[in-house]
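All heavy atoms count here, side chains included; hydrogens, waters and symmetry mates do not.
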Amino acid sequence: MKKIKDENKILIMLAFFSISIGLWGNFRQLWLQDNNFSVTQISNMISIGTFISIVGIAIIGKYVTLDKLKKTLTFILIIKFINLLALYYLNGTNQIEFIYLTIIIDIIMEYIIITSIYPLIASIVKSDTIYSKRKLTEYLFKDIGILFGGILIGKSIAGILVNYNLCLIISNVFLLISLFTMLNIKIDKNEEKQPIKKSMTKYILKSKIMSLYLLDMFIGTIAMTTALGLKMLTLTNYFAFSDSMATNYLLIIGLLADGIGILALKYLTPKNDYITITIKFGIRFLGYIIAFLSNNLIITLIAITWSLLISTAYENICDGIYINRVENEYQLSFANIRYIIKFLGEAIGIFFCGKMYEIGIKYMFGLSAIFMIFQIGLAYYLIYLRNLNRK
């Protein structure tokens, strides 16, 4: 039998981990709601967990060398496994403080693992192909986890009703398989981090384009999560979707979005970048404005659907073209900074989402549209700067 390469073992580990995340993460908000947490409390938990994860990512990026990364991630997987077991037994106990703490730990562990997978692979092999495989594995198997949840929830198996708590424990089974896979990975290349000639901060600040790109991504993430940071709660409470229907809706839209992203990359990318940005963000902005002004649920659902469908399209223009400007020696450090800024934007956006949710659904989209004004303005200015540099 042909031996599985260690980089492929890491992808297998990521596949099981992503199934776990898709299955549990999709129902986490509803599990908390069933345990009598308000929307504001739920958004605060997610926001705090996301914010603290930034600190964890920064610490690992600075102090954990590549040859120690596998041991660190194994330890984090063990913590996450034990933490999910604790959550399973805390269900229905009204132990608010303990549930609050375990949810925050769960989010922190999840984000640290996701951001550390590619550096772990890079300690064995680095290539554009393996990077693409890593992204595809995460997205595809996360959708498979969501699919499992949509199929299982509400069903009776061997006389046992599949509820959110049972989905949690099934998710933990996939997490355990992921842990065992990690234990069977051998990192033969014990390479220390190569010294970087200049600090990453100086490298970014030296480039006006890269600095503004990160700012644009930060504001764009806030805008996205302000409107859609609590998707399951929005769909089940405001639109009266069942949990199964909401899951299937998000799954179908997610798969279609992946397809549209592939088509846009291969066939539909306009030569004019301004048109591309207008298609991706301008139509979303108009949809949010109309949803805010009309306060109509059908129009709002159309705006949500469009936003999700176009979410992965034109990434080559919106992100790839800037990421590819970064020199190879800075790519891993830059990737960590991008994640930190993105997660900070998510933390702020989800906090705003929870506040606006309590006031009314239209205000989620109204506030998001305000952030989008600055996001789109920066995106247009970045295109201008890039074109200016070509001359």
Side-chain angles (χ1 to χ4, degrees), residues 25-52 54 94 96-97 99-100 103-104 107 164 216-243 245-247 249-250 253 281-311 342-378:
N26 188 54
F27 292 127
R28 183 164 50 205
Q29 296 171 15
L30 299 181
W31 185 94
L32 287 167
Q33 185 174 247
D34 268 7
N35 278 273
N36 301 316
F37 285 90
S38 68
V39 171
T40 299
Q41 288 174 315
I42 294 170
S43 68
N44 287 345
M45 267 184 272
I46 298 172
S47 180
I48 291 170
T50 305
F51 181 78
I52 296 176
I54 294 169
N94 292 321
I96 295 175
E97 293 81 5
I99 293 176
Y100 210 103
I103 287 291
I104 288 174
I107 293 169
Y164 306 137
D216 184 56
M217 184 189 69
F218 173 66
I219 297 173
T221 303
I222 294 176
M224 186 70 172
T225 49
T226 296
L228 301 174
L230 299 169
K231 292 191 290 291
M232 284 296 285
L233 290 173
T234 301
L235 292 171
T236 54
N237 293 339
Y238 273 111
F239 293 95
F241 284 18
S242 67
D243 46 17
M245 183 178 178
T247 299
Y249 165 81
L250 291 175
I253 294 298
F281 298 112
I283 297 175
R284 180 187 295 177
F285 171 75
L286 290 176
Y288 285 5
I289 288 293
I290 295 171
F292 172 73
L293 295 175
S294 68
N295 199 26
N296 181 283
L297 285 179
I298 294 177
I299 292 175
T300 302
L301 185 60
I302 293 172
I304 291 172
T305 303
W306 170 261
S307 184
L308 294 173
L309 281 174
I310 205 70
S311 60
K342 179 185 176 184
F343 291 157
L344 180 59
E346 284 186 13
I348 295 171
I350 290 173
F351 174 79
F352 285 144
C353 184
K355 295 297 183 184
M356 296 302 104
Y357 184 102
E358 296 287 3
I359 301 173
I361 188 172
K362 74 173 189 176
Y363 295 102
M364 293 159 57
F365 295 92
L367 181 58
S368 177
I370 293 174
F371 284 114
M372 288 191 70
I373 293 172
F374 296 98
Q375 175 196 2
I376 295 171
L378 277 172

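A distance-only check finds a donor-acceptor pair linking the side chain of T247 to the backbone of D243 [under 3.5 Å]. In this structure, the side chain of Y357 engages the main chain of L233 through a donor-acceptor pair within 3.5 Å. Not one N or O on the side chain of S368 forms a donor-acceptor pair closer than 3.5 Å with the backbone of M364. A donor-acceptor contact shorter than 3.5 Å is absent between the side chain of T236 and the backbone of F241.
No more than 12 heavy-atom neighbours from other residues, nucleotides or ligands sit within 6.0 angstrom of CZ on F51. Residue-environment remark: NZ (K342) stays at or below the threshold of 12 foreign heavy atoms within 6.0 Å. Residue F374 qualifies as open at atom CZ: its count of foreign heavy atoms under 6.0 Å is 12 or below. Shown here is F239, whose CZ atom has more than 12 heavy atoms of other residues, nucleotides or ligands within 6.0 Å.
Residues forming a side-chain hydrogen bond (donor to acceptor under 3.5 Å, both in side chains) with Q375 (at least two apart in sequence, or on another chain): none.
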Q: Test Q29 against K231 for side-chain contact (heavy atoms from CB on, under 4.5 Å), laying out the working first.
A: CA-CA 9 Å; Q29 296 171 15; K231 292 191 290 291; 5.7 Å; no
Q: Carefully, step by step, assess I310 and F281 under the rule side-chain contact (heavy atoms from CB on, under 4.5 Å).
A: CA-CA 9 Å; I310 205 70; F281 298 112; over 6 Å; no
Q) After noting the C-alpha distance and the side-chain angles of Q33 and N237, does the key distance pass the side-chain contact (heavy atoms from CB on, under 4.5 Å) rule? A) CA-CA 11 Å; Q33 185 174 247; N237 293 339; 2.7 Å; yes
Q. Going through the distances and angles, do S307 and M224 end up as a side-chain contact (heavy atoms from CB on, under 4.5 Å)?
A. CA-CA 9 Å; S307 184; M224 186 70 172; 3.8 Å; yes
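Side-chain contact of E358 with T40: a donor-acceptor pair under 3.5 Å is present, judged by distance alone.
Atom-to-atom distance recorded for I304:CD1 and L235:CG is 6.0 Å, nearest 0.5 angstrom. The distance from atom CD1 of I107 to atom CD of E346, rounded to the nearest 0.5 Å, is 10.0 Å. For the atom pair Y249 OH and M232 CE, the distance stands at 12.0 Å (nearest 0.5 Å). Here I104 contributes atom CD1 and I52 contributes atom CD1; the two are 5.5 Å apart, rounded to the nearest 0.5 Å. One finds the CG atom of D34 at 11.5 Å from the CZ atom of F27 (value rounded to the nearest 0.5 Å). Rounding to the nearest 0.5 Å gives a distance of 8.0 Å between CG of L30 and CD1 of I42.
Between F352 and F371, the distance separating the two ring centers is shorter than 6.0 angstrom.
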Expected list for residues 292-299: side-chain donor-acceptor pairs under 3.5 angstrom, two or more places apart:
{"residue": "S294", "atom": "OG", "partner": "I290", "partner atom": "O", "Å": "2.8"}
{"residue": "S294", "atom": "OG", "partner": "N296", "partner atom": "N", "Å": "3.3"}
{"residue": "N296", "atom": "OD1", "partner": "I298", "partner atom": "N", "Å": "2.9"}
{"residue": "N296", "atom": "OD1", "partner": "I299", "partner atom": "N", "Å": "3.1"}

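Nearest approach of S47 to F351, heavy atoms of both residues: OG-CB, 3.7 Å.
Contact of the L286 side chain with the W306 side chain is not registered, since no non-hydrogen atoms from C-beta on lie closer than 4.5 Å. In this structure, Y363 and L367 have side chains that are not in contact, with every pair of non-hydrogen atoms separated by 4.5 Å or more. Between T300 and Y238, every side-chain heavy-atom pair lies at or beyond the 4.5 Å cut-off. Looking only at side-chain heavy atoms (C-beta outward), I96 and N36 stay at 4.5 Å or farther from each other.
Among L308, L301, I302, the one residue that satisfies the side-chain contact (heavy atoms from CB on, under 4.5 Å) test with T305 is L301.
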